[in-house]
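Only one structure is covered here, and it is reproduced in the block below.
Here the structure is a predicted model, which is why all the values come from computation and not from measurement. Residue numbers count from 1 along this sequence.
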Amino acid sequence: MSRHGARPSVITLPYLQSTHAASGGHGGATPQDSAVGGAMGDWFTTSLNALQWMPHGYCLQWQSGLVATLVVADGVTAASYFSIPFTLWFFARKRPDVSHRWLLVLFGLFVMACGTTHVFDVINVWRASYVADAGARVLTALLSLTTAIVLWRSMPMALKAPSARQLEASNQKLRESYQYARSLIEASLDPLVTIGADGRILDVNEATEQATGCGRERLIGSDFSDYFTEPQRARAGYQEAYANGRVIDFPLAIRHASGAVTPVLYNASVYRDEAGRVAGVFAAARDISGLQRAEERLELANRELEAFSYSVAHDLRAPLRGIDGWSLALMEDYREQLDATAQGYIDLVRAETQRMGGLIDDLLLLSRVTRQELRYESLDLSELARTVADRLLQAQPSRQIECTIQVGVLAEGDARLLEIALTNLLENAFKFTRPRPVARIAFGCEETRQAGALRRVYFVRDNGVGFDMAHADKLGDPFHRLHKASEFPGTGIGLATVQRIVRRHRGRLWAEAVPDRGATLYFTLGAEA
């Protein structure tokens with residue numbers, strides 16, 4: 001009896017006994033041993049019979065302390081192994097962004113197979129399931145070998161992965177970039193927002209909080225259009241930005257939580273992710289309430305100026321008509337009683353009153369072109385210039401004038417104002433070429449390319465008296481004349497009118513001239529300037 005009183009300390013193995021008996025104790029083979037389908041044929045059946053094998057408990061002499069230690073150790077190891085695949089599954093579920101997920105699956109299977117071998121170690125203490133144990137170990141070996149090969153093949157990729165220090169440095173740069181971008185956004189006095197594809201706000205700055213009266217927590221995630229007096233129009237604005245890439249000066253009105261309304265102009269453009277896909281819209285609002293108040297004051301001032309201009313024009317015209325009329329009556333009734341000097345004086349008075357009338361007309365025209373609403377349309381400037389030139393040629397049939405109009409000169413602008421501008425430019429060309437036996441006047445367009453953009457420059461050129469370029473900076477100033485009135489009559493308002501018209505078309509007016517060798521007046525229109 002063993003010291004446990006249950007099992008002998010030295011045992012005789014039944015399996016070994018049966019094998020010994022079958023051999024006859026002499027090592028010779030019997031006919032049954034050599035027959036096909038004998039002991040080797042029954043190997044599979046015999047191997048599954050756990051009673052043919054000795055459990056590990058016998059090897060441990062059933063010492064309870066040693067058995068318990070090994071069983072507990074193998075059990076804890078197996079349980080730990082089995083928990084690892086579930087941990088990996090939980091990690092993969094929580095982190096769907098992790099790449100090479102198949103590695104996690106392979107590693108989980110390998111670990112679970114390793115745990116199974118420890119389960120069989122526990123079972124084999126009492127029941128000799130060695131064949132099943134061997135199968136589990138073969139599977140474990142295959143999975144181990146596969147895992148080892150895969151890991152070695154993945155080693156170059158793993159070595160390329162950034163280290164913890166590199167990741168920390170990269171994260172630090174990202175944090176610094178974020179803080180820098182955040183500082184720029186918060187430094188803006190204009191409300192700034194980023195909007196997702198669904199129209200919900202992704203980020204805002206403090207100016208947006210102040211404009212809406214809502215905190216950042218409430219704004220982020222809410223619908224962008226909810227904070228405007230016209231939600232549908234606001235929604236159409238960011239949808240247009242998504243469709244076309246950007247929106248410029250889109251008028252909206254922000255409603256504050258208190259009910260106050262702020263008119264704004266929104267400018268928005270899309271931003272993209274690393275793959276080039278549109279990730280959202282970045283929008284900035286410019287408060288134009290101050291601009292609207294200034295425009296209202298300007299409109300009021302313009303109306304008052306218009307009323308004043310017409311009032312002055314009417315009040316001035318009446319005495320001028322009286323002076324001219326009474327001067328004419330004096331000449332008609334008392335011509336014979338007046339000597340030549342007196343008649344000359346009266347002619348000068350009439351001429352000056354008529355010049356004053358022309359000056360009033362020009363001032364009214366200048367006032368109108370400054371206030372007149374622009375109506376843009378596609379224009380053939382060649383036809384406009386030809387109409388003006390024909391009119392001027394008919395008024396001066398005795399002069400020899402060669403007028404060249406380039407065909408096909410097109411532009412975008414207000415037809416009425418541009419006709420006034422061409423009239424003034426061509427009238428000047430006709431006037432300042434009067435001393436020439438043959439006047440040469442030309443209108444056309446030159447195209448140049450600057451910074452990759454096409455630039456159209458229109459011109460009126462003449463071979464007249466020209467002027468000193470030292471005075472070119474005064475070009476377009478009202479009442480400023482480059483020649484004496486006694487040489488070339490005029491009010492000095494014509495080029496000022498042209499200047500106003502060109503500026504209203506977002507263009508520029510300038511000149512090139514040489515005294516007694518002619519002049520060229522250039523102008524541009526709109527975005528082409």
Side-chain angles (χ1 to χ4, degrees), residues 1-29 33 38-93 102-152 154-155 158:
M1 272 308 197
S2 70
R3 58 176 177 171
H4 300 289
R7 299 179 185 270
S9 58
V10 178
I11 61 173
T12 301
L13 301 179
Y15 177 74
L16 294 178
Q17 288 178 337
S18 62
T19 303
H20 182 74
S23 63
H26 302 286
D33 292 331
M40 292 301 295
D42 295 335
W43 176 87
F44 184 75
T45 304
T46 304
S47 64
L48 291 179
N49 185 1
L51 297 178
Q52 302 300 318
W53 306 94
M54 181 177 67
H56 278 171
Y58 288 106
C59 298
L60 301 176
Q61 296 184 1
W62 300 106
Q63 295 185 23
S64 59
L66 184 58
V67 169
T69 301
L70 293 177
V71 168
V72 170
D74 284 326
V76 170
T77 302
S80 300
Y81 272 128
F82 290 148
S83 70
I84 291 175
F86 290 101
T87 303
L88 294 176
W89 171 80
F90 180 80
F91 174 78
R93 184 179 179 185
W102 56 273
L103 275 175
L104 297 179
V105 174
L106 180 61
F107 190 70
L109 292 174
F110 158 69
V111 172
M112 184 169 286
C114 291
T116 303
T117 62
H118 286 275
V119 170
F120 276 108
D121 284 343
V122 173
I123 295 174
N124 286 335
V125 171
W126 293 281
R127 181 178 178 83
S129 301
Y130 296 132
V131 174
D133 185 11
R137 291 179 186 275
V138 170
L139 178 62
T140 302
L142 293 175
L143 287 172
S144 300
L145 180 61
T146 303
T147 303
I149 293 173
V150 169
L151 287 177
W152 275 110
S154 302
M155 188 59 63

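- Annotation: the span from I149 atom CD1 to S154 atom OG amounts to 11.5 Å, rounded to 0.5 Å.
- Not counting sequence neighbours, the partners of L104 by the side-chain contact (heavy atoms from CB on, under 4.5 Å) test are L88, F91, A92.
- Across A113 and T140, no two heavy atoms sit closer than the pair O-OG1, 3.1 Å.
- Here the CZ-CG distance, from F107 to L143, works out to 12.0 Å after rounding to the nearest 0.5 Å.
- Under the rule for a side-chain contact (heavy atoms from CB on, under 4.5 Å), the partners of V71 that lie at least two apart in sequence or sit in another chain are V67, V122, V125, W126.
- Every residue two or more places apart in sequence or in another chain that forms a ring-ring contact (aromatic ring centres under 6.0 Å, His included) with Y81 is listed here: H118.
- For residues 141-150, no residue pair satisfies the side chain to side chain donor-acceptor pair (under 3.5 Å) rule, not counting sequence neighbours.
- For F86, there are no side-chain contact (heavy atoms from CB on, under 4.5 Å) partners, not counting sequence neighbours.
- Smallest separation of non-hydrogen atoms from A128 and P55: CB-N, 3.9 Å.
- With sequence neighbours left out, the side chain to side chain donor-acceptor pair (under 3.5 Å) criterion links D133 to N124, R137.
- Aromatic ring orientation, W62 versus Y58: perpendicular (interplanar angle above 60°, classes split at 30° and 60°).
- Rounding to the nearest 0.5 angstrom, the gap separating the SG atom in C59 from the CG atom in L70 is 11.5 Å.
- Looking only at side-chain heavy atoms (C-beta outward), H56 and Y130 come within less than 4.5 Å of each other.
- Rounding to the nearest 0.5 angstrom, the gap separating the CG atom in L151 from the CG atom in L103 is 7.0 Å.
- Sorted by first and then second residue, the salt bridge (charged side-chain N to carboxylate O under 4.0 Å, His left out) pairs with a member in residues 53-79 form an empty list; sequence neighbours excluded.
- When all heavy atoms of P85 and G108 are compared, the pair lying nearest together is CG-O, 3.4 Å.
- In this view, V76 and V72, S80 satisfy the side-chain contact (heavy atoms from CB on, under 4.5 Å) rule, not counting sequence neighbours.
- T116 contributes no side-chain N or O that, together with a main-chain N or O of A136, makes up a donor-acceptor pair within less than 3.5 Å.
- Under a cut-off of 6.0 angstrom, the local environment of CH2 in W102 is crowded, with over 12 non-hydrogen atoms contributed by other residues, nucleotides or ligands.
- You'll find the side chain of V111 stays beyond 4.5 Å of the side chain of F82, heavy atoms only.
- Legend: salt bridge (charged side-chain N to carboxylate O under 4.0 Å, His left out) pairs involving residues 76-85, not counting sequence neighbours: none detected.
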